[in-house]
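One structure below.
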Amino acid sequence: QMISQGNLTAIIRRHDLYHQAPGRSPDPNVAAERLRKEIKTDIKMRNYYPDAPESLTISYRYTDPAIAQRVVGDLVSIFEQTNVTMRRQAAAELERFHEKVAEIETQLQELAPERDMALLRSEGAGRPDNDSSTIRAQRLAAAGSMESLVDKEFMLERQIDEQKRQITEQEKL
């Protein structure tokens with residue numbers, strides 16, 4: 001975003017860069033592309049896990065050093081604003097994710113007692129079929145329900161891990 005067409009065009013106008021020859025209409029696309037080529041960025045990566053940027057160097061040369069310094073200052077400001085925005089978005093997404101996990105946990109806790117009561121009702125509903133095969137079938141059904149809940153929990157944990165990974169990647173950017 002730092003070197004997007006819109007941001008570079010605004011910087012060019014603000015600092016009156018790349019004056020055009022008299023009689024020619026200025027082409028903002030050409031000027032923005034020229035500025036994009038003249039901006040040098042160097043990203044230093046960490047040498048340890050997790051692999052992430054350690055530092056970022058932005059340089060720009062211009063005939064007037066004061067203007068060059070202001071242009072780099074504008075670029076850094078855009079970069080910082082983008083980082084703040086990305087952090088806010090990641091925090092909001094993380095908060096939504098935590099709310100969703102809490103909601104699902106609540107639903108699971110509400111379902112567990114209902115399932116237990118249903119099992120008790122089916123066992124003691126006045127059925128004379130209290131033979132061992134009926135009890136065994138009920139136990140297998142309960143075990144299947146438990147396995148299903150464990151599978152759902154595992155899938156939710158995978159979703160949580162994936163969301164955390166995505167947030168980490170967004171924070172790196």
Criterion side chain to side chain contact (heavy atoms under 4.5 Å, CB included) against N83, the qualifying member of E80, Q81, R87:
R87
Tell me, please, which residues at least two apart from R61 pass salt bridge (Lys or Arg N to Asp or Glu O under 4.0 Å).
none
Mind checking the CD-NZ spacing from E54 to K44? Nearest 0.5 Å is all I need.
9.5 Å
How close do T9 and P28 get, heavy atom to heavy atom, and via which atoms?
CG2-CB, 4.1 Å
Kindly give the heavy-atom pair with the smallest separation between V72 and I58, and that separation in Å.
CG1-O, 4.0 Å
For K40, which residues count as a side chain to side chain contact (heavy atoms under 4.5 Å, CB included) partner, sequence neighbours excluded?
S59
Salt bridge (Lys or Arg N to Asp or Glu O under 4.0 Å) filter on R13, not counting sequence neighbours, yields none
Do any side-chain atoms of residues 158-166 form donor-acceptor pairs under 3.5 angstrom with protein atoms, and if so which ones, sequence neighbours left out?
residue	atom	partner	partner atom	Å
E162	OE1	R165	NE	3.2
E162	OE1	R165	NH2	3.4
E162	OE2	R165	NH2	2.3
E162	OE2	Q166	NE2	3.2
R165	NH1	E169	OE1	3.4
R165	NH1	E169	OE2	2.1

Audit row: L17, L35, side-chain contact (heavy atoms from CB on, under 4.5 Å) steps and yes/no:
CA-CA 9 Å; L17 302 176; L35 180 58; 4.3 Å; yes
Working to the nearest 0.5 Å, report the span between CD1 of I39 and CE of M2.
6.5 Å
Closest non-hydrogen atom pair, P53 against I43
CB-CG2, 3.9 Å
Kindly determine whether V71 and Y62 satisfy side-chain contact (heavy atoms from CB on, under 4.5 Å), including the steps that lead there.
CA-CA 9 Å; V71 168; Y62 191 72; over 6 Å; no
Any salt bridge (Lys or Arg N to Asp or Glu O under 4.0 Å) pairs touching residues 63-75, not counting sequence neighbours?
R14-D74
In terms of heavy-atom contacts, does CG of D42 have more than 12 from other residues, nucleotides or ligands at under 6.0 Å?
yes
So I67 and D16, side-chain contact (heavy atoms from CB on, under 4.5 Å) or not? Walk me through it.
CA-CA 9 Å; I67 291 177; D16 195 27; over 6 Å; no
With E33 via side-chain hydrogen bond (donor to acceptor under 3.5 Å, both in side chains) - residues at least two apart
R36
Indicate if I11 and V76 have the same hydrophobic cluster label, given that clusters are the connected sets of ILVMFWY residues with side-chain heavy-atom separations under 4.5 angstrom.
yes
Between Q5 and N29, which heavy-atom pair has the shortest distance, and what is it?
NE2-OD1, 2.8 Å
Output for pair (T41 OG1, L75 CG), nearest 0.5 Å, gives 10.0 Å
Does the side-chain contact (heavy atoms from CB on, under 4.5 Å) test come out yes or no for I104 and K100, once each step is laid out?
CA-CA 6 Å; I104 291 171; K100 187 69 172 173; 4.1 Å; yes
